[in-house]
Amino acid sequence: MVVATETKNTDRQPKKVIEVNEITVRFAGDSGDGMQLAGTQMTNTSAIFGNDISTLPDFPAEIRAPAGTLAGVSGFQLRFGSQKVLTPGDQVNALIAMNPAGLKANLSDLEPGGILVVNKDAFTKSNLDKAGYEANPLEDDSLQGYKLYSVPIDTLNKEACKDSDLTGRAVGRCKNFFALGLVYWMYGRPMDASLSWIESKFGSKPSVADANAKALKAGFYFGETAEMFPVCYLIAPAKIQPGQYRRVSGNEATALGLIAAASQAGKTLFYGTYPITPASDILHELARHKNFDVRTFQAEDEIAAMVSVVGAAYAGAFAATGTSGPGMALKGEALGLAVMTELPMVIVNVQRGGPSTGLPTKTEQSDLFQAMFGRNGEAPLCVIAAATPADCFGMAIEAFRIAVAFMTPVILLTDGYLANGAEPWKLPDVASLPKISVNHPTDPGSFLPYGRDDNLVRPWAIPSTPGLEHRLGGLEKHFETGEVCYDFENHHRMTETRRAKIDGIANVIPDLEVTGDASGELLVLGWGSTYGAIATAIDRCHENGVKVSSAHLKYLDPMPKNTGDVLKRFKRVLIPEMNLGQLLPIIRGKFLVDAVGLNKVQGKPFMVGEIENKITELLSNGSKS
Amino acid sequence: MSSDNAMVQLTAKDFASSQDVRWCPGCGDYSILAQVKKVMASLGTIKENTVCVSGIGCSSRFPYYVDTYGFHSIHGRAPALATGIKLANPELNVWLATGDGDGLSIGGNHLLHAIRRNVDINILLFNNRIYGLTKGQYSPTSPLGKKTKSSPMGSVDFPLHPLSVAIGAEASFVARSIDINTKHLTATLERAARHKGTSFIEIYQNCNIFNDGAFEYATGKETKEDTTVFLEHNRPLVFGKDGSKGIRLNGMSPEIVTLGNGITEDDLLFHDEALAEPSLAYLLSRMHYPEFPEPMGVFRAVERPIFEDLVMGQVHSAVKSKGKGDLAALLASGETWKVN
């Protein structure tokens, strides 16, 4: 398993192998250095190796910010372990910095004494200047607190590819694979998965495939051979539920969930959208699967995207859109129309840092208010949120299930962290996926466009059905006939009815589950992507004998019926959110619970330690703060 | 039932919904509604396969009054709504009622894009050169200097011309008619309904409350023959009392000439609605009263691939090349591994 003992250089001491439970690695370099690819390859390889994993890509908003600058730094963090891994890690155990800017932007996250591999060749005067270094940190004592490995990656990569007929520039582009090879050696990763990826990706360009493969191997063998690395690490495979697995990011899982929902119902999937970071990958994924009768529509703007979804829903398709905060703001008007016309549809909001353009590539949970309240008038709709990248799959199906059953728009909240983060996903058995049953009425005799069933749901009558011709619109409807009606009492009744219909969804969603004791001193209540950090913090507390419980809200409007009961069984409630407190006032207002917040708005997810510390602080401070 | 509909010829009355029409008495919209219902009947339109959509404004109440499927949406967004409807079910006939404010101001963007995509819908732009439903502000087609409630000293907004906009957006069918010329309006609507792709019709419509007489020059008995010219495919542009005047091209510019004195119809500009190049249609769309008679009829009618056909073509070719989607195979695509 561990290659160190197989070293060909037999006159050297076998390297020392240390077994550890988990490792967090970060690749950092210029946005043109291929760090995302190196990270993704490391993820795939570790997943196939059997580790549990969690990843956090971090890239600049600019596609090609000036090379060598701090603004252009692209990073990819990966945590893999022999136990359950729910977050990409708080502190980095090993940082691979391909240039001075990559070092400067990421060093503060490296643990004291952590492994620091730098591409020595990139530490030129010009690159140091661009990164704002006055002196070369490799030559002064500033990196003394780390295990610094200064490797001439450019030179070694060039040497490895010296027989290649590629240009020097093209050879230079293979250096991410050299760095990857080195990391593979350090952590006992096999190269096969990446070698076969290179083969399939560059098969049509043999010289490119050859150079990348050579770079990968050269990096690996350099680690094996060079005396500078005294240690390599072993991370055993995790105990994972048996089954077939793949790696999935949140955006991929969302797209697959939308397809699965429509496909299981035997329906067309219409996806009308406008490109926006970080949601566009959902469109890209869906556009590849038109053989599922997926009809993608890249509209002229966010407004048109939303309105096209309303039109497609009216005409009988499973209609969905995806966007992020600024796009969501533009969609508000048409969402009101969707609420008024009571049509089923799914709106995915991949939240990012705001307000306005904000931090396009960074994560945040600050659109909860917008999802709940961002429309004129009393315009209730269903809001749900995914907890992990793979959870986006099930929640996308759940969104359509609720939308169709209750004739309502459903907003599915994810965020940049879930969208771009990835984890191993046990492939679901298709036969066990929920089948959404659709009923389009055909009998003109009993048809009323706004006639409601016991759940207050109106019928989904679609054009092309003879005898059911009816008119919808944004104007208020008469409760009985559905015709335009301005009567005051009727408006009050319709407003209450629309709200009551959404509240009724609570009857078909699962109860809020508590991890830990069912009652006690402190409950940590989360929603959305904070799940991993909270769950890990709770696990650690339990390991240390600290009594604390947690619960995770996946349904925000309506909330599970037992939410109030759960909250009231605890003396205190802590709500960590990547915003200034949005679930917090809702919980306080709705349940009159004196909950407190833990808030972070830094464009990156919570560290486990931050939540753990807050738990400790609250529990040690007996009286309410 | 559809089978009955297909066999029994419906009349215009059959397309009237149960709703009372609530436009102001004397509004030009009544005529447009009546002609559309007439055309629907004469074309053997199947009610359940027809959807009338609209945005906001007086014209946008249109769907409530037609007994087909209908959707009264929000300001300016009807083209996007229609696109969604057509992509979900390309078999539906979609009529879109809009106005100069709804279509060219708040919804200008959506109008452009529906037209350039060539979605197979019929867009009726009721142009009354005023905001009616909001009670009388100037619109994007109001002339410069127009005094309204919001422009008591006269509008300082330079107007745009709906047909020039449509042609600029690559429209495949462009026409103009007038509310009270019911015969011409019916014929134009019929042409539009038969056209495959986006049909764009500007209809001069009198708002007798907020902009009465805006098109008096084009409808008045005394003036209309000198202020309008009716386009006919492959025919010269002749107008005026007794057909005494014509439009001749002088270089790139149109000019008015009097027939006789050596000038014959052969010297005039001949209309060709089927030209691939839209320059002639654009030139015609720039002829405005009082300098020129305003052309009526079909400016442009060309064939171009239809958006929803292209979308469905890709779906069908994906099914053909990859086979009908297999969900289990899709979920297991990419690199997978087995944990024992």
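Lettering follows sequence order; numbering is per chain, from 1. The figures here come from the full heavy-atom set of this structure, side chains too, leaving out hydrogens, waters and symmetry mates.
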**Report entry** For the student: nearest non-hydrogen atoms of B/Thr83 and A/Phe297, plus distance
**Finding:** CG2-CZ, 3.6 Å

**Report entry** Least distance between heavy atoms, A/Leu343 atom then B/Phe71 atom
**Finding:** CD1-CE1, 3.8 Å

Query - Residue selection (most heavy-atom pairs with chain A, distance under 4.5 Å) from B/Gly76, B/Ser18, B/Ser333 - result: B/Ser333

Report task. Work out which heavy atom in B/Ile74 is nearest to a heavy atom in A/Val307; give both atom names and the distance. Result -> CD1-CG2, 4.4 Å

Requested in this report: Inspect the contact between A/Asp301 and B/Arg77 and indicate whether a charged nitrogen and a carboxylate oxygen are less than 4.0 angstrom apart.
Outcome: no

Report task. Could you go through the side chain to side chain contact (heavy atoms under 4.5 Å, CB included) check for A/Leu468 and B/Glu48 one step at a time? Result -> CA-CA 7 Å; A/Leu468 302 193; B/Glu48 67 266 23; over 6 Å; no

**Report entry** Residue among B/His75, B/Lys86, B/Met312 with most heavy-atom pairs under 4.5 Å to chain A
**Finding:** B/Met312

**Report entry** Contact summary for B/Leu87 and A/Arg295, nearest pair of heavy atoms
**Finding:** O-NH1, 2.7 Å

Query raised in the report: Taking the side chain from B/Tyr69 and the backbone from A/Thr465, do they hold a donor-acceptor pair closer than 3.5 Å?
Result: yes

Query raised in the report: Under a 4.5 Å heavy-atom cutoff, which of A/Gly473, A/Ala260, A/Gly316, A/Pro463 has the most pairs with chain B?
Result: A/Pro463

Report summary line: Sorted by chain and number, sequence neighbours left out, side chain to side chain contact (heavy atoms under 4.5 Å, CB included) with B/Arg194 holds for B/Leu43, B/Glu190

Report task. Determine which residues belonging to residues 54-66 of chain B lie within contact range of chain A, meaning some heavy atom pair is under 4.5 Å apart, and list them by number or answer 'none'. Result -> B/Arg61, B/Pro63, B/Tyr64, B/Val66

Query raised in the report: Any Lys/Arg nitrogen of A/Glu300 or B/Arg116 sitting under 4.0 Å from an Asp/Glu carboxylate oxygen of the other?
Result: no

Report summary line: Of the listed A/Ala253, A/Ser464, A/Gly474, the one with the largest count of heavy-atom pairs under 4.5 Å with chain B is A/Ser464

Query raised in the report: When rounded to the nearest 0.5 angstrom, what distance separates CZ in A/Phe292 from CG in B/Asp326?
Result: 6.5 Å

Query raised in the report: By number, which residues in residues 424-431 of chain A have some heavy atom less than 4.5 Å away from chain B?
Result: A/Pro424, A/Trp425, A/Leu427, A/Pro428, A/Val430

Report summary line: Tightest non-hydrogen contact, residues A/Leu337 and B/Ser73, listed as CD2-CB, 3.8 Å

Query raised in the report: Where along residues 89-113 of chain B does a heavy atom come under 4.5 Å of chain A, listed by residue number?
Result: B/Asn89, B/Pro90, B/Leu92, B/Asn109, B/His110, B/His113

Query raised in the report: Is a side-chain donor-acceptor pair under 3.5 Å present for A/Gln244 with B/Lys338?
Result: no

Report summary line: Closest non-hydrogen contact found for B/Arg117 with A/Gln298 is NH2-O, 3.5 Å

Query raised in the report: Side chain, backbone, both or neither: which part of B/Val315 has an atom under 4.5 Å from a heavy atom of chain A?
Result: both

